Amino acid sequence: MSLPLSGKVALVTGAARGIGRAIALRLALDAASRGGAHLLLSDLHSEDLRNVSEEIQAMGSQAMIMAGDLSDPAFPARLGMTAQEKLGGLDAVASNAGLRPHGPLLTYTVEEWDRNFAVHTRAPWLLAQACHPMLKESKGAFIITASVSGEHPTPPGGAYSSSKAAALMLARQLAVEWGPDGIRVNTVSPGMTLTPMTKAAYTQPGVMEQREARIPLRRVGQPEDIANAAVFLMGSDAMYITGADLVVDGGLTSTLMAYNPGWKR
């Protein structure tokens, strides 16, 4: 049975942990005063996904879960079909699922390369295709979680930077092609952010302190920092924004010249 399009009706991938979880919770929080949100949440981690669903329902929203692997080219279409059949449509999509960077290109395998592009670039494209009719009807928004690594090579990230760069261009291309349909397509690019996927790096002695020292705001980002930006781009306050990349990095990518020898900060 379909649910009516009331409040925010959204699909979030990679919703079990980190940034995706924070996006889902922020959507539910924002919709709490207007009847709640209707969310479809997807991730590989089914147990964590159920926990997020329970949190959202406790906030007065409805959350369906659908576990699956977005590297499977058939899965995005199943998500779109479920959104249509169970939610009756979509106001917004957050294509957020991602992989952790691992290893230099010299030792990368074809399988690792292909999986990065499958999850970071092909999956958002296929998900956008599957959700296009619903977003056209609602004049909705499609958001991709990209990365500052898509603009700046980040060793030893292997194919991570390349696949995120492709995701940035994918969003711009979709924005141009789908603007006449009333669909807005944007990206949010996190900088250094503490999530379950990146936590291992921050457990190394001194890493947190060294990274905080490089960031002008002097702190590493939290998932909620990225979620705030993503939900803004999904909402009515961003109705005239499309084809944009919102960088959420505490000023990190503006610091190149500040680290020249002899520069006093």
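Index from 1, following the sequence. As the structure is a computational prediction, the values presented were derived from the model and not from experiment.
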Side-chain heavy-atom pair [X], [Y] within 4.5 angstrom cut-off:
| X | Y | value |
| --- | --- | --- |
| Q222 | T193 | no |
| L246 | N186 | no |
| R26 | N228 | yes |
| L170 | P124 | yes |
| E177 | V185 | no |
| L127 | F75 | no |
| M234 | L27 | yes |
| I226 | V188 | yes |

Is the shortest side-chain N to carboxylate O distance from [X] to [Y] below 4.0 Å?
| X | Y | value |
| --- | --- | --- |
| D91 | K139 | no |
| D69 | R115 | yes |
| R122 | D114 | no |
| E55 | R21 | yes |

[Y] reachable from [X] in the ILVMFWY side-chain graph, under 4.5 Å edges:
| X | Y | result |
| --- | --- | --- |
| V207 | L252 | yes |
| L25 | L233 | yes |
| L87 | I23 | no |
| L11 | V9 | yes |
| I143 | L174 | no |

Does [X] reach the main-chain N or O of [Y] with its side chain, forming a donor-acceptor pair under 3.5 Å?
| X | Y | value |
| --- | --- | --- |
| S42 | M66 | yes |
| K164 | T145 | yes |
| D43 | A16 | yes |
| R218 | I215 | yes |
| N116 | S163 | no |

Verify the neighbour count for atom [atom1] of [X]: are there more than 12 heavy atoms of other residues, nucleotides or ligands below 6.0 Å?
| X | atom1 | answer |
| --- | --- | --- |
| R211 | CZ | yes |
| W125 | CH2 | no |
| E47 | CD | no |

Minimal non-hydrogen separation, [X] against [Y], with atom names:
| X | Y | answer |
| --- | --- | --- |
| A167 | T121 | N-OG1, 4.0 Å |
| G80 | M134 | O-CE, 3.4 Å |
| A15 | V52 | O-CG2, 3.7 Å |
| Y108 | G157 | OH-O, 3.8 Å |
| L39 | A24 | CD1-O, 3.6 Å |
| T154 | S149 | OG1-OG, 2.8 Å |

Point to revise | Intermediate values then yes/no, side chain to side chain contact (heavy atoms under 4.5 Å, CB included), S138 and L90 | key: CA-CA 7 Å; S138 67; L90 286 169; 5.6 Å; no
Review point. Among side-chain atoms of Q57 and S53, is any donor-acceptor pair under 3.5 angstrom?
Key: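 Q57 vs S53: donor-acceptor pair found between side chains.
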Review point. Quick one: do the N96 and T13 side chains pair a donor with an acceptor below 3.5 Å?
Key: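 Short answer, no.
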Rounded to the nearest 0.5 Å, what separates atom [atom1] in [X] from atom [atom2] in [Y]?
| X | Y | atom1 | atom2 | value |
| --- | --- | --- | --- | --- |
| K8 | L29 | NZ | CG | 14.0 Å |
| H38 | I56 | NE2 | CD1 | 12.5 Å |
| R184 | I241 | CZ | CD1 | 7.5 Å |
| I65 | R50 | CD1 | CZ | 5.5 Å |
| S95 | I144 | OG | CD1 | 5.5 Å |
| L49 | M64 | CG | CE | 11.0 Å |

Exercise for review: Step by step, work out the side chain to side chain contact (heavy atoms under 4.5 Å, CB included) result for T253 and H152.
Suggested key: CA-CA 8 Å; T253 53; H152 303 274; 3.7 Å; yes
Practice item. Given salt bridge (charged side-chain N to carboxylate O under 4.0 Å, His left out), test D225 with R219 step by step and report yes or no. Key: CA-CA 11 Å; D225 294 314; R219 70 176 179 87; 2.9 Å; yes
Exercise for review: With side chain to side chain contact (heavy atoms under 4.5 Å, CB included) as the test, would you mind laying out the steps for R172 and M169 before giving the verdict?
Suggested key: CA-CA 5 Å; R172 293 170 61 189; M169 181 52 71; 3.6 Å; yes
Practice item. May I ask you to check whether F142 and H132 place their ring centres under 6.0 Å from each other? Key: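 No.
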Practice item. Carefully, step by step, assess L70 and L79 under the rule side chain to side chain contact (heavy atoms under 4.5 Å, CB included). Key: CA-CA 10 Å; L70 280 162; L79 284 172; 4.1 Å; yes
